[in-house]
Amino acid sequence: HLLNLQGLEFIHEKTLFPELEYIFKHALTQEVAYNSLLAQRRKEIHEKIGRAMEEIYPDRREEFCEILAHHYVLSGNREKAVEYLELTNRKAAHKDAAHEAMAHFDKAMKILDELPETPSNQVRRVALLTNQSGVHQRVSRMKEYRDLLTRYEPVARDLGDQALLGAFYGRLGVCEWWFGRLDQAIERSTRARDLLETLERPQELAFVTLGLQWGHLYRGDLDRALALKETTLRLLAEHPHPRTEGLAFIGASWACSFMGRWDQAVEEGQNGLRVGEKCALNHIISFAAFIMSLVHTQKGDLSRALEYAELGIQKSTTMAEKLWAQAGLQWAHAKIGDPAIGVELGKNLVPVYRATHFVPGETFMLLNTAAALRRCGDRDDAVKTCREGLELAQRAGMKFAVGSGNRLLGEIALEMNPAEAVDHFTKTMAVCDEIGAENELALALAGLGRLHKKEGNISEARGHLTRALEIFERLGTLLEPDKVREELDGLPRG
């Protein structure tokens, strides 16, 4: 029959090796042939194709899961369709195809809605949901994901499956973190860890430990975040999971940058990059490059900051990843580059962060836009924008951002209303002392030193500026030491 069709030029050979394959010469021929069949007959043929492929390739179902899902969806065999859609979803997520994975997830959920709510189907739905946090983050659909998890939380609880419930609460923890509810995020992740600790599920336990790491990181528990990174890596030592490992290194880099430990921050970030490169995970490469850009911005190295920001943009595979990478460019220009570019990028990116409900990202973007506005001389707008970011930081409990926001308000007040500056600098110093954020502490000390110099309190000015200089030099911060030395050189002798 195939030879006859080939002789009539309806089909032709596509490949000879490793197996003979034919393809329709014209897509219209295939469409006409397909639509000439009755709907029921089409379903039967799709079912037969699916069964035949399972028999011919019993050990290669993952390789052919996309075509198997296609045929079983069209056959009306919903049980088989969900089975292969789940497999296809995981395969797409693993190969960095987030939008493709999302499409398979949506289709599987829709088919599950058509199936009876039996215990086995409930398990399948909850298991499917627990595999989607990374995909939903990378396509900016976290509100929808949180709503789905909230809707099916009673189902997950009632199943009586401790491992599945632990995984489920781990994903709820990720959602709480995304929406800036850091205490709730830590509570959810801790509950997940407690459920999983007695079970032999090292990869899942590593995932929820990672959630705890990032929750503590943004809350300002920086030593705790670094310790949790080590726990995550120990769990993965014999059971690797590249994405979790990469994010653990990236989180450690971010924590070290908050503390001003530039060399360690770079080392951890490079480890994250290597994981992404080794496993060809572009989203990990992009995210690691973004964090590395922020590290170099805070250190004061503009060229390296821009280099890593561009790498992050280049390696991004979704709009959400591109958004994060562009934030690297915004930080660099807002703080040490061209502030006008920082303002423009910030005003474009803040609404996008807000629309995706990513509160930690919106918080930092507001603060950095305020920094750019201040450098451009627009102090009133800088104050307004900074207060917006500070309010979000206080509500979320993001201590580093609270300290940074107050320090920026102190810098602006120093130029507009010096009487208000002391309170802001004092708040920054208290927070930074608490969390060990030495570089930010030194920035506040330098600001307070300039304030005392302005008011003629030379001894206090020299003391604060000298202490700031010592910290900057010990950390290896660039740019700032020269500024502080210039201030010290301008103090009266005696």
Side-chain angles (χ1 to χ4, degrees), residues 133 169-194 196-197 205-236 244-265 267-269 271-272 287 291 294-295 298 358-364 367 389-407 427-444 471 475:
S133 64
Y169 278 122
R171 275 62 183 183
L172 276 171
V174 172
C175 288
E176 299 290 5
W177 168 82
W178 183 274
F179 292 102
R181 294 190 282 266
L182 300 181
D183 289 342
Q184 294 93 322
I186 291 170
E187 186 276 327
R188 294 283 197 177
S189 295
T190 300
R191 187 172 183 182
R193 183 192 60 189
D194 293 343
L196 291 164
E197 272 188 325
L205 187 55
F207 178 88
V208 300
T209 305
L210 177 72
L212 281 170
Q213 176 189 347
W214 280 83
H216 284 288
L217 163 63
Y218 273 84
R219 199 169 65 172
D221 309 326
L222 304 178
D223 287 325
R224 177 71 174 145
L226 292 174
L228 286 163
K229 167 247 177 178
E230 296 296 336
T231 302
T232 298
L233 296 182
R234 281 197 300 273
L235 288 165
L236 296 175
T244 302
E245 181 183 359
L247 289 173
F249 281 125
I250 293 167
S253 178
W254 200 203
C256 290
S257 75
F258 283 167
M259 302 168 91
R261 299 179 185 174
W262 311 128
D263 292 343
Q264 188 179 350
E267 181 183 351
E268 299 285 7
N271 287 335
F287 194 33
I291 293 296
L294 305 189
V295 170
Q298 290 178 284
F358 183 33
V359 171
E362 181 186 353
T363 301
F364 280 117
L367 294 178
L390 187 56
E391 182 182 350
L392 286 180
Q394 290 168 333
R395 192 187 314 156
M398 296 169 59
K399 293 177 185 176
F400 180 85
V402 169
S404 182
N406 272 295
R407 195 259 308 161
K427 287 178 180 177
T428 297
M429 291 164 61
V431 171
C432 292
D433 266 331
E434 177 189 351
I435 68 176
E438 288 199 280
N439 195 70
E440 194 65 37
L441 171 64
L443 289 169
I471 295 173
L475 296 176

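The figures here come from the full heavy-atom set of this structure, side chains too, leaving out hydrogens, waters and symmetry mates.
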| Considering residues at least two apart in sequence or located in another chain, which fulfil the side-chain contact (heavy atoms from CB on, under 4.5 Å) criterion with A393? | T363, M398, A401, V402

Could you pull out the closest heavy-atom pair between [X] and [Y], with the gap in Å?
X: E245; Y: L236; answer: N-CD1, 3.7 Å
X: T232; Y: A248; answer: CG2-CB, 4.0 Å
X: G170; Y: A192; answer: N-CB, 3.5 Å
X: M259; Y: L226; answer: SD-CD1, 4.0 Å
X: L390; Y: L367; answer: N-CD2, 3.9 Å
X: I186; Y: R219; answer: CD1-CZ, 3.5 Å

| task | Run the numbers on E267 and N271 for side-chain contact (heavy atoms from CB on, under 4.5 Å), then give the verdict. | result | CA-CA 6 Å; E267 181 183 351; N271 287 335; 4.3 Å; yes

Quick check for you: to the nearest 0.5 Å, what is the distance between [X] atom [atom1] and [Y] atom [atom2]?
X: L212; Y: L217; atom1: CG; atom2: CG; answer: 12.0 Å
X: Q213; Y: L247; atom1: CD; atom2: CG; answer: 8.5 Å
X: R193; Y: L228; atom1: CZ; atom2: CG; answer: 7.5 Å
X: T231; Y: K229; atom1: OG1; atom2: NZ; answer: 10.5 Å
X: Q298; Y: L443; atom1: CD; atom2: CG; answer: 9.5 Å
X: R224; Y: H216; atom1: CZ; atom2: NE2; answer: 5.0 Å

| query | Counting N and O atoms only, with roles assigned by atom type, does the side chain of E440 sit under 3.5 Å from a partner on the main chain of C432, one being a donor and the other an acceptor? | reply | no

Within the structure provided, determine whether [X] and [Y] are in side-chain contact (heavy-atom separation under 4.5 Å).
X: N439; Y: I471; result: no
X: S189; Y: Y169; result: no
X: F207; Y: V174; result: yes
X: S257; Y: L294; result: no
X: W177; Y: L182; result: yes
X: L441; Y: T428; result: no
X: L235; Y: T209; result: yes

| Ring centers of F249, W254 separated by less than 6.0 Å | no

| Geometric class of the F287/W214 ring pair [parallel <30°, tilted 30-60°, perpendicular >60°] | parallel

| Using 30° and 60° as the class limits, which term best fits the ring planes of F258 and F400: parallel, tilted or perpendicular? | parallel

| said: Is there a side-chain contact (heavy atoms from CB on, under 4.5 Å) between D221 and I435? Walk through the geometry before answering. | reply: CA-CA 6 Å; D221 309 326; I435 68 176; 5.9 Å; no

| task | Just jot down the salt bridge (charged side-chain N to carboxylate O under 4.0 Å, His left out) partners of R234, sequence neighbours excluded, or say none. | result | none

